[in-house]
Amino acid sequence: MLDLKFIRENPHIVAQAIKDKQEKVDFSQFLDLDEQRRNFLQELEFKRRQLNQLSSSMAKFKKQGEPTDQIHHQLKDLSQEIKQIELNYKKVYDQWEKLYHFIPNIPEQDTPLGSSEQDNKTIKIWGEVEKSKEGLDYHQVCEKLHLVNWQSASIISQSSFPLYLGDGARLEMALIMFMLDLHQKHQYTQVFPPFLINRDSMFGTGQLPKMEEDSYVIEKDDLFLNPTAEVPVTNLFKGQIIPEQKLPVKLSAFTTCFRREAGSYGKETKGLLRMHQFNKVELVHLVKPEDGFNSLEQLLSQAELVLQQLKLPYRVRMLCRGDMTFASALTYDLEVWAPISKKFLEVSSVSYFKDFQARRIGLKYQPENGAKQFIHTLNGSALATPRTMIAILEHYQQEDNTVMIPEVLLPYFSGQKVINSSEQ
RNA sequence: GGAGAGCUAGUCUAAUUGGUAAGGCACCGGACUUGAAAUCCGGCGGGGGUUCGCGCCCCUUGGGGGUUCGAGUCCCCCGCUCUCCGCCA
């Protein structure tokens, strides 16, 4: 959420941000409603003041045993009048608020213009992007080694939900544990949050209202299935004021993530590439505003470290304004190289939100000297497992199509060195 | 799932059984002091409107609704915490 005063004083900046981010909110209507709303509000407050004053005379008269009939009538009329103005105000307010909640964060100045992922800017390539490797692509390996069974999954659940089997399941869990252990070395506090999230928290990090259609909802309880650990973890200190000495707060969390992926059916949905359920380790930072950009670089490098330790080549891209999420001001994507599919696959998004989320969440800090301020929030996946697994299955694939286990994952395989077929 | 108790600003704690949130502690500033403690004076939650500014005003007693001229207080719904009972991996 943007500061209202900022919006009023810099309407052109906000309008440009909406355009650049390809958001659909009607901003001129918003400004119009904002003015209407304030006019009603002033009228309302004036009448309320009158009511308060008259009402305290009423109390005085009553206490002194004086007649109150006349004042009672006045109060009754005034009260009716106020209720009418309140109705008008509420009507405008509701429309205004709806639009307000759809105003996105403002992209940083040095983010590239553009409307789709093709306009994202590659800023770094790490490792050797091997283009001649032959073998089975990730989907074929999964089938051959029986690492994931989609048919069984759909018997139990529905299509696009994974069921990992045998070494597939072990690889998945090994990845998660490896990542958590790695972040532990960098002074992250590990969080294992609930997977059902209330509406307020979904709003806080900016998933709602925009992404409601993409979320799984338990209607009976008005709870949402966790779409990313960003939501429960960033909301952990909701409504609190954190003393400056406690910053930065650095949290890591494993969660299973659930997304409807509405409207993304097609070729891309095959196998592990896009699923309704996947696992992810997420890093979250809560920092002082002046530390934001350093923190962003730190997050990025810690996400990169996961791929470096797995010895998987990747590139870093800075997202263009049209490809960035609603709440983000600056986002880097990490894309791992899948050498047999010959594609870069997004395994991480590292984002800086400035105070956009903190404003929604009510998350401030108290400097040692000076006034309370909103915290700046950041997060980054480090990493989402499915595409990391894809890269491993292709990168470490041997001539017989079995897969060598990456060195850093060996401690989680109790002596086993190669991923084999789960079918005995 | 059932029954009961509770929720007041960082914290503790009041508010005539309906009259417009009083205090203590903590914290911050000042005075006194060589310095500190103690003492005294002042300030001290959040959101919003208006103003060049000082300030003035409105909202806010877990959330929402209702009754009323007026609700912390009465009524309804929901959330959370605690206690007990039942069920359960």
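Excluded from the calculations below are hydrogen atoms, water molecules and symmetry mates; all remaining heavy atoms, backbone and side chain alike, are included. In what follows, chains carry the letters A, B, and so on, assigned in the order in which the sequence lines appear, proteins first and then strands, with residues in each chain numbered from 1. Being a predicted model, the structure only gives us computed values, none of them experimental.
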Can you tell me how far P in B/rC27 sits from the matching atom in B/rU11, rounded to whole Å? 16 Å
Expressed in whole Å, how much space separates the C1' atoms belonging to B/rU81 and B/rG62? 11 Å
Do any N or O atoms from the side chain of A/N379 and from the backbone of A/E282 form a donor-acceptor pair under 3.5 angstrom? no
To the nearest angstrom, how far is A/I85 atom CD1 from B/rC58 atom P? 15 Å
Determine the Euclidean distance between corresponding C1' atoms of B/rG45 and B/rC25; express it in Å to zero decimal places. 16 Å
Roughly how many Å is it from NZ in A/K83 to P in B/rC59, rounded to a whole number? 14 Å
Say we look at B/rA14 and B/rA22: how far apart would their P atoms be, to the nearest angstrom? 16 Å
Using the P atom as the point on both nucleotides, what is the distance between B/rA71 and B/rU60, in whole Å? 9 Å
Where the side chain of A/T385 meets the backbone of A/N279, is there a donor-acceptor pair that is under 3.5 Å apart? yes
Using a cut-off of strictly less than 4.0 Å, decide whether A/S79 has a side-chain nitrogen or oxygen near OP1 or OP2 of B/rG70. yes
With heavy atoms under 4.0 Å as the rule, sort A/K364 into base, sugar-phosphate or nothing. sugar-phosphate
Base, sugar-phosphate, or nothing: which does A/K62 touch, judged by heavy atoms less than 4.0 Å apart? base
Using the P atom as the point on both nucleotides, what is the distance between B/rA9 and B/rG64, in whole Å? 16 Å
Take A/T234 and A/E230 through the side-chain hydrogen bond (donor to acceptor under 3.5 Å, both in side chains) test and state the conclusion after the steps. CA-CA 6 Å; A/T234 312; A/E230 164 190 358; 5.4 Å; no
Scan the side chains in residues 283-295 of chain A for donor-acceptor partners under 3.5 Å anywhere in the protein, sequence neighbours excluded, and list what turns up.
| from | atom 1 | to | atom 2 | distance (Å) |
| --- | --- | --- | --- | --- |
| A/H285 | ND1 | A/S295 | OG | 2.5 |
| A/H285 | NE2 | A/Y188 | OH | 2.6 |
| A/K288 | NZ | A/E244 | OE2 | 3.1 |

Begin with the C-alpha distance, continue with both residues' side-chain angles, and end with the deciding distance and a verdict on side-chain hydrogen bond (donor to acceptor under 3.5 Å, both in side chains) for A/Q416 and A/D167. CA-CA 10 Å; A/Q416 187 177 334; A/D167 282 355; 2.8 Å; yes
Rounded to whole Å, CG of A/N52 lies from C1' of B/rU60 at a distance of 13 Å
When pairs are called at under 3.5 Å and a stem needs at least three consecutive Watson-Crick or G-U pairs, the stems of RNA chain B are B:1-7 with B:79-85, B:10-12 with B:23-25, B:27-31 with B:39-43, B:45-50 with B:55-60, B:62-66 with B:74-78
Expressed in angstrom and rounded to an integer, what is the separation of A/I71 atom CD1 from B/rG19 atom C1'? 12 Å
Atom pairs under 3.5 Å: protein N/O with N/O of nucleotides 49-52 of chain B:
| from | atom 1 | to | atom 2 | distance (Å) |
| --- | --- | --- | --- | --- |
| B/rG49 | OP1 | A/R8 | NH1 | 3.1 |
| B/rG49 | OP1 | A/R8 | NH2 | 2.8 |
| B/rU50 | OP1 | A/R38 | NH1 | 3.4 |

Gap in Å between the two P atoms, one belonging to B/rA15 and one to B/rU8, rounded: 15 Å
Can you tell me, in whole Å, how much space there is between the P of B/rC74 and that of B/rG55? 38 Å
Counting side-chain heavy atoms from CB outward, which of B/rC57, B/rG19, B/rG46 is closest to A/R49? B/rC57
Just the rounded figure in Å: distance from C1' of B/rG47 to CD of A/E97. 13 Å
